[in-house]
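Treat the numbers as computed from the prediction; the structure is a model and nothing was measured.
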Amino acid sequence: MTAAILTVEDLSVRIAGLHILQGVSFTVAPTGVTVLLGRNGVGKTTTLRAVVGLTPAGGEVTGRVRMGERNLLDRPTHRLVRDGLGYVPEDRCVFAGLTVAENLRLAERRGTTPAYDRVFALFPELERRGRQRAGSLSGGQQQMLAIGRVLLNDNKLLLVDEPTKGLAPKVVTEVAEVLERVAATVPVLLVEQNLAVVRRLATDAVVLAAGRVAWSGPARDLLAETDLTKSLLGVGSAEAHSPSAGSAPAGPAVARKDGLR
């Protein structure tokens, strides 16, 4: 078997006295999309933030997170990014007062040639709106910018947190199409609540429950078991078997997060 691109071993995170992750272990395949699923508050976003070194100040992180043989928990975020770990946060985090072009320019890695051709081929809207302030973009356009910033550089692994959250169905489809194309060349660890998008993109799935891994395996096996999907994610057969991202409803297939994630 081909070695995993990312290995998470016994990852535990405590924040403000709360034990959010309690010994989480899973692997991310070197190809395709591994999706991280679960109900509200089980630690999906906390997992991504821990991997990329963005646990809030005062939080305690233990365990091992390896990309190859290197333990990522020993390295600062900016070094992880330089080493090829791309991260698209849940709330996009674009610089609202800067233009689209300035947001992209800030993402350029020193000593490399930024792939503007790749970004504009995937998101031509970004090229057309280069002089527009990011804060005046629609939610979908801001999501395109957030993804585009990461794709400006070559990556070994992408971490993408709820890219379709709050988007209209048409934009959900566009974002899913882009991620599908991206995943053909770079592995993705994806947090996503829209199961139509999951069905379209995911090769493997990891389900968290109460801060622990409750299930892992091929995504098709999870989605094929209606009772299992309902017990782990709280969705019925209609959501689990939605045929494509394009036919998904504008709202989430699983209730959105509130509080700790």
Side-chain angles (χ1 to χ4, degrees), residues 2 4-6 8 26-39 42 44-45 47-48 51-52 85-90 92 118-119 121-123 139-140 143-144 146-151 155-208 213 215-226 228-229 232-233 235 237-254 256-257:
T2 306
I5 185 66
L6 185 78
V8 177
F26 63 90
T27 60
V28 176
T31 59
V33 177
T34 298
V35 65
L36 194 59
L37 298 168
R39 296 174 184 254
V42 297
K44 302 183 296 296
T45 291
T47 300
L48 295 196
V51 169
V52 80
L85 186 63
Y87 175 56
V88 181
E90 175 188 17
R92 297 153 194 160
R118 173 171 59 200
V119 172
L122 291 170
F123 299 118
Q143 186 63 73
M144 293 174 188
I147 297 173
R149 288 185 308 192
V150 171
L151 299 181
N155 296 283
K156 298 176 183 175
L157 173 66
L158 293 183
L159 276 57
V160 184
D161 196 353
E162 293 215 53
T164 69
K165 178 181 178 182
L167 302 183
K170 182 174 184 258
V171 184
V172 169
T173 301
E174 293 174 359
V175 170
E177 287 174 351
V178 167
L179 291 175
E180 190 171 38
R181 292 170 64 182
V182 169
T185 58
V186 60
V188 177
L189 175 58
L190 173 70
V191 171
E192 180 54 63
Q193 300 278 33
N194 187 321
L195 288 190
V197 175
V198 171
R199 176 170 290 281
R200 173 172 181 165
L201 299 179
T203 48
D204 298 290
V206 178
V207 182
L208 298 184
V213 173
W215 190 94
S216 64
R220 64 178 180 273
D221 291 353
L222 173 66
L223 296 176
E225 295 290 339
T226 302
L228 179 63
T229 305
L232 291 174
L233 305 178
V235 297
S237 58
E239 295 92 342
H241 293 278
S242 182
S244 70
S247 63
V254 184
R256 292 294 177 195
K257 298 189 282 288

So, do [X] and [Y] sit near enough that their side-chain heavy atoms are less than 4.5 Å apart?
| X | Y | answer |
| --- | --- | --- |
| Val52 | Leu85 | yes |
| Val175 | Ile147 | yes |
| Asp221 | Trp215 | yes |

Please find the pair of heavy atoms, one from [X] and one from [Y], that lie closest to each other, and give the distance.
| X | Y | result |
| --- | --- | --- |
| Leu223 | Thr229 | CA-OG1, 3.9 Å |
| Ala183 | Val33 | CB-CG2, 3.5 Å |
| Ile5 | Pro187 | CG2-CG, 4.1 Å |
| Leu179 | Pro163 | CD1-CG, 3.7 Å |
| Ala4 | Pro30 | CA-CD, 4.2 Å |
| Leu48 | Asp161 | CD1-CB, 3.8 Å |

Taking [Y]'s backbone N and O only, do any of them form a donor-acceptor pair with [X]'s side chain (distance below 3.5 Å, no angle check)?
| X | Y | answer |
| --- | --- | --- |
| Lys44 | Leu208 | no |
| Asn155 | Val150 | yes |
| Arg118 | Leu151 | yes |

* **side chain to side chain contact (heavy atoms under 4.5 Å, CB included) partner of Leu37, the single match among Leu232, Val42, Leu222, Val206** => Leu222

* Apply side chain to side chain contact (heavy atoms under 4.5 Å, CB included) to Arg200 and Thr173, showing your working. => CA-CA 10 Å; Arg200 173 172 181 165; Thr173 301; 4.2 Å; yes

To the nearest 0.5 Å, what is the distance between [atom1] ([X]) and [atom2] ([Y])?
| X | Y | atom1 | atom2 | result |
| --- | --- | --- | --- | --- |
| Tyr87 | Leu158 | OH | CG | 12.5 Å |
| Leu157 | Leu189 | CG | CG | 6.5 Å |
| Glu180 | Leu201 | CD | CG | 6.0 Å |
| Glu162 | Glu192 | CD | CD | 6.5 Å |
| Leu228 | Leu233 | CG | CG | 8.0 Å |

* From CA spacing to verdict: side chain to side chain contact (heavy atoms under 4.5 Å, CB included), Glu90, Lys165 -> CA-CA 8 Å; Glu90 175 188 17; Lys165 178 181 178 182; 2.8 Å; yes

* To do: Dump the intermediate steps for side chain to side chain contact (heavy atoms under 4.5 Å, CB included) on Thr47 and Val8, then the final yes or no.
  => CA-CA 9 Å; Thr47 300; Val8 177; 5.5 Å; no

* Does the distance from a Lys or Arg side-chain N to an Asp or Glu carboxylate O, for Lys170 and Glu174, drop under 4.0 Å? ->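 The answer is yes: the pair qualifies as a salt bridge.
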
* Asked: Should Thr164 and Asn194 be marked as a side chain to side chain donor-acceptor pair (under 3.5 Å) after you check the CA-CA gap, both sets of side-chain angles, and the distance that decides it?
  -> CA-CA 8 Å; Thr164 69; Asn194 187 321; 4.6 Å; no

